[in-house]
K.L.:
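Mind looking over this structure? Questions follow.
Residue numbers count from 1 along this sequence. Since we're looking at a predicted model, the values are computed, not measured.
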Amino acid sequence: MDESLRPASIAPRALGAVALACLATFADARPHASPGARFAEARAAALAPPPANAAAKKRAKAHVEAARARTLAELSSKGIELPRDFLQWVDGDPLVRASV
């Protein structure tokens with residue numbers, strides 16, 4: 001029997017080929033990046049907002065402005081006045097302004 005066809009000689013070569021295929025498939029393109037860094041990048045990409053067009057941004061801004069005006073008018077009608085420094089804090093940060 002030819003030595004290259006013996007099962008004992010085929011198995012190591014086959015196993016080596018499978019191992020190389022797995023390494024090529026699952027290897028990270030950036031082996032220097034730590035798992036934590038890769039996780040942080042993946043999380044940031046997953047949580048990133050989808051790109052918005054100008055019209056959507058304009059509608060969102062108009063919605064926030066209208067909600068702010070309604071809220072302040074309702075508070076005023078009930079005799080409640082928010083502190084000026086609180087309103088300055090809210091207006092000073094776009095993320096806070098959109099969420100408060």
K.L.:
Name all pairs fulfilling the side-chain hydrogen bond (donor to acceptor under 3.5 Å, both in side chains) condition that reach into residues 90-100, sequence neighbours left out, sorted by first residue then second.
P.N.:
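Every side-chain hydrogen bond (donor to acceptor under 3.5 Å, both in side chains) pair that includes a residue of residues 90-100, provided the two are not neighbours, is E65-R97, R68-D91, D91-R97.
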K.L.:
What residues, two or more places apart in sequence or in another chain, satisfy side-chain contact (heavy atoms from CB on, under 4.5 Å) together with L82?
P.N.:
L72, L75, F86, L87
K.L.:
Residues in side-chain contact (heavy atoms from CB on, under 4.5 Å) with A55, at least two apart?
P.N.:
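In terms of side-chain contact (heavy atoms from CB on, under 4.5 Å), with neighbours along the sequence ignored, A55 is linked to N53, R59.
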K.L.:
Give me each pair satisfying salt bridge (Lys or Arg N to Asp or Glu O under 4.0 Å) with a member in residues 77-87, each pair once, sequence neighbours excluded.
P.N.:
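Listed once each, the pairs are E74-K78.
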